[in-house]
A.B. asks: 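The structure's right below; bear with me while I get my questions together.
Every chain is numbered from 1, with letters handed out A, B, ... down the list of sequences. This structure is a prediction, so every number in the text was calculated from the model and none was measured.
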Amino acid sequence: MAINYKDLSDEELLYGAKTCPGCGAPIAVRLALKILGARTFVCVTASCLGATTTVYPQTSFFVNNAIAAFPATASTIAGMSAAVEMQGLEDVTILGIAGDGGTADIGLQALSGLCERNDNVIFICYDNEAYMNTGIQRSSATPYGAWTTTSPVNETGTAKGETRIRKNLFDIVSAHRVPYCATASTSYPRDFMEKIAKAKNLKGTKFVHVHAPCPTGWGYPSEKTIEYGRLAVETGLWYLAEYENGKVTLNLAPKVFKPVESYLAPQRRFRHLKEEDFKVIEKQRDEEWALLKAKAAS
Amino acid sequence: MKPHLNKDFRFPTNEREMLFGSGGDTGNLTAVNSGWRTFRPVIDHGKCIRCLFCWTYCPDGVIGKEDTELTIDYDYCKGCGICANECPKQAISMIKEEK
Ligand SMILES: Cc1ncc(C[n+]2csc(CCOP(=O)(O)OP(=O)(O)O)c2C)c(N)n1
Ligand code: SF4
Ligand code: SF4
Ligand code: SF4
Ligand SMILES: [Mg+2]
């Protein structure tokens with residue numbers, strides 16, 4: 001489906017949320033709801049999005065929204081999809097939304113069950129690369145080198161931020177042989193909405209992992225959210241890919257990557273990184289892309 | 001039309017009037033976000049080419065495209081500056097709020 005901004009609805013199904021100015025998460029959610037429409041039943045679990053859309057007595061979702069416990073996004077939407085099926089509601093889309101912590105860490109077991117049963121839902125993981133709502137703790141999606149309160153940095157250089165490479169959710173979910181799995185970015189809204197439109201029209205478990213920059217946790221001015229999301233892709237530190245019918249497709253493969261420091265150096269969480277650290281990150285990136293390209297070619 | 005502040009909202013006085021749980025209404029805005037803003041985006045409609053980048057990227061969805069000129073819902077704009085930063089024509093200026 002080709003997306004034309006001018007044909008999209010001006011109606012907002014997410015509005016007035018208490019997210020920080022410039023937060024990437026509501027960009028993903030409002031654009032997804034433009035494609036999915038008012039007959040979407042949502043489940044959001046503990047996260048920045050959950051906390052900022054339901055500040056009693058306010059509710060910012062203009063569609064049905066169930067709030068569930070932190071690990072339970074996938075199990076809740078599995079139940080919702082069973083209920084909708086039993087009631088014969090054929091025009092309804094069930095949408096689960098969780099953060100990277102709620103997906104890659106605490107929600108992973110339920111997500112695996114969901115994918116294995118192939119329940120008819122869409123699961124969106126919005127990835128701000130840490131546990132932001134509780135004040136910036138590392139998650140298994142935190143990138144190598146990033147400072148968080150639990151991946152600290154010290155002056156002697158013995159603590160240099162995150163020491164592990166991030167878990168690859170795209171690989172984990174596509175290994176379940178789901179009908180559809182994709183990565184996306186809030187800086188590439190057309191690509192993201194096309195992926196949501198594709199997911200809407202498929203039956204079974206559809207998973208979209210969308211990179212959603214966070215000015216507060218990453219440490220950059222609020223107006224730069226789209227710019228940094230784009231730089232992540234242009235430096236090869238994030239990628240846009242799809243898995244469908246057993247095949248991996250790269251939606252955008254930069255011929256030459258921009259230098260990683262153009263993305264990393266201006267962010268507070270990477271401020272301590274030195275030339276040698278950028279080299280390590282570049283090497284990790286090249287290894288990741290070699291694997292990705294091999295998968296896309298097979 | 002964008003959603004708007006529910007001016008008729010009154011806090012429940014007993015549990016029968018409680019809003020949430022199954023059966024509660026969706027979408028109930030009881031406060032505006034305009035107080036968060038330090039800078040206000042102002043569109044120069046003469047420069048605007050209606051590419052709708054600002055409309056798409058605005059995290060809060062406050063830019064409206066139903067009229068001949070784009071509109072901004074200042075009740076819910078947080079002044080993040082993304083619209084101005086992404087506008088290819090520099091048609092949006094961020095003006096310091098007085099108050
Ligand atoms: C079982 C449980 N453990 C811990 C918490 C506290 N908690 C609430 S939100 C959150 C962080 C969520 O991180 P993520 O899923 O990445 O979403 P983000 O806030 O970053 O958007 C945590 C740890 C909780 N609500 N429930
Ligand atoms: S901390 Fe980050 S993810 Fe959370 S609301 Fe603020 S900008 Fe958004
Ligand atoms: S981004 Fe600029 S040119 Fe494009 S629609 Fe908005 S104001 Fe007009
Ligand atoms: S300043 Fe931010 S919230 Fe306000 S209209 Fe621009 S993008 Fe939207
Ligand atoms: Mg997170």
A.B. asks: Could you give the distance from CZ (A:Phe61) to CG (B:Asn28), rounded to the nearest 0.5 Å?
C.D. replies: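 It comes to 15.0 Å.
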
A.B. asks: Which heavy atom in A:Ser222 sits nearest to a heavy atom in B:Cys80, and how many Å separate them?
C.D. replies: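 Heavy atoms of A:Ser222 and B:Cys80 come nearest at OG-O, 2.8 Å.
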
A.B. asks: Would you mind telling me which of B:Leu29, B:Leu52, B:Asn33, B:Asp73 has the largest number of heavy-atom pairs within less than 4.5 Å of chain A?
C.D. replies: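 The answer is B:Leu29.
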
A.B. asks: A side-chain contact here means heavy atoms from C-beta on lying under 4.5 Å apart; do B:Lys78 and A:Thr19 qualify?
C.D. replies: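 With C-beta onward as the side chain, the pair touches.
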
A.B. asks: Looking at A:Val63, A:Asn65, A:Thr225, which one has more heavy-atom pairs under 4.5 Å with chain B than the rest?
C.D. replies: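 Ranked by contacts with chain B, first place is A:Val63.
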
A.B. asks: Please classify the contact between A:Tyr5 and chain B as side chain, backbone, both or neither, with a heavy-atom cut-off of under 4.5 Å.
C.D. replies: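 Both backbone and side chain of A:Tyr5 come within 4.5 Å of chain B.
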
A.B. asks: Considering all heavy atoms of both residues, which atom of A:Lys18 and which atom of B:Val32 are nearest to each other, and what is their separation?
C.D. replies: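 Looking at all heavy atoms of both residues, the closest pair is NZ-O, 3.7 Å.
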
A.B. asks: Could you tell me if the side chain of A:Asn64 sits less than 4.5 Å from the side chain of B:Thr26, heavy atoms only?
C.D. replies: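 Counting from C-beta outward, B:Thr26 and A:Asn64 do come under 4.5 Å.
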
A.B. asks: Spell out, as yes or no, whether a donor-acceptor pair under 3.5 Å connects the side chain of A:Glu223 to the backbone of B:Ala84.
C.D. replies: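 Between the backbone of B:Ala84 and the side chain of A:Glu223 there is no qualifying donor-acceptor contact (under 3.5 Å).
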
A.B. asks: Taking all non-hydrogen atoms of both residues, which atom of A:Gly22 and which atom of B:Ile82 are closest, and how far apart?
C.D. replies: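 That would be CA-CD1, 3.8 Å.
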
A.B. asks: Identify which part of B:Ile63 has an atom lying under 4.5 Å from any heavy atom of chain A, answering side chain, backbone, both or neither.
C.D. replies: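 Backbone only.
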
A.B. asks: For the candidates B:Gly81, B:Ala31, B:Gly79, B:Pro59, which exhibits the highest count of non-hydrogen atom pairs separated by less than 4.5 Å from chain A?
C.D. replies: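 If we count pairs closer than 4.5 Å to chain A, B:Pro59 comes out on top.
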
A.B. asks: Out of B:Met94, B:Arg37, B:Glu86, which one racks up the most heavy-atom pairs below 4.5 Å with chain A?
C.D. replies: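 Heavy-atom pair counts peak at B:Glu86.
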
A.B. asks: Need one label for B:Glu66: side chain, backbone, both or neither, based on atoms under 4.5 Å from any heavy atom in chain A.
C.D. replies: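 Both backbone and side chain.
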
A.B. asks: State, to 0.1 Å, how close B:Thr30 and A:Gln58 come at their nearest heavy-atom pair, and which atoms those are.
C.D. replies: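 Where B:Thr30 meets A:Gln58 most closely, the heavy atoms are N-OE1, 2.8 Å.
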
A.B. asks: How far apart are the closest heavy atoms of B:Lys65 and A:Lys6, and which atoms are they?
C.D. replies: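 Closest heavy-atom pair between B:Lys65 and A:Lys6: NZ-O, 3.1 Å.
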
A.B. asks: Main chain of B:Lys2, side chain of A:Glu12: is a donor-acceptor contact present, judged purely on distance under 3.5 Å?
C.D. replies: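 No.
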
A.B. asks: Give the minimum heavy-atom separation between A:Asp10 and B:Met1, together with the two atoms involved.
C.D. replies: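 For A:Asp10 and B:Met1, the tightest heavy-atom pair comes out as OD2-N, 4.3 Å.
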
A.B. asks: Do other residues, nucleotides or ligands put more than 12 heavy atoms under 6.0 Å from the CD atom of A:Glu85?
C.D. replies: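 No, because the 6.0 Å sphere around CD of A:Glu85 holds 12 heavy atoms or fewer from other groups.
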
A.B. asks: Heavy-atom distance under 4.5 Å to chain A: side chain of B:Cys51, backbone, both or neither?
C.D. replies: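 It is the backbone, since no side chain atom gets that close.
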
A.B. asks: Heavy-atom pairs under 4.5 Å with chain B: which of A:Ala25, A:Pro189, A:Pro215, A:Ser9 has the most?
C.D. replies: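 Among the listed options, the one with the most contacts to chain B is A:Pro189.
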
A.B. asks: Which of residues 27-40 of chain A have a heavy atom under 4.5 Å from any heavy atom of chain B?
C.D. replies: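 Residues of residues 27-40 of chain A touching chain B at under 4.5 Å: A:Ile27, A:Arg30, A:Leu31, A:Lys34.
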
A.B. asks: For chain B, which of A:Ser60, A:Ala17, A:Cys23 has the most heavy-atom pairs under 4.5 Å?
C.D. replies: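 Among the listed options, the one with the most contacts to chain B is A:Ala17.
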
A.B. asks: Would you compute the distance between atom CG of B:Asn6 and atom OG1 of A:Thr59 and round it to the nearest 0.5 angstrom?
C.D. replies: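 It comes to 12.0 Å.
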
A.B. asks: With a 4.5 angstrom heavy-atom cut-off, is it the side chain or the backbone of A:Ile67 that approaches chain B, or both, or neither?
C.D. replies: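 Neither part, no heavy atoms under 4.5 Å.
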
A.B. asks: Quick one: ring pair (Phe, Tyr, Trp, His ring centres under 6.0 Å) pairs with a partner in residues 37-87 of chain B, sequence neighbours left out?
C.D. replies: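 Applying ring pair (Phe, Tyr, Trp, His ring centres under 6.0 Å) to every pair that reaches into residues 37-87 of chain B, excluding sequence neighbours, yields A:Tyr15-B:Tyr76.
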
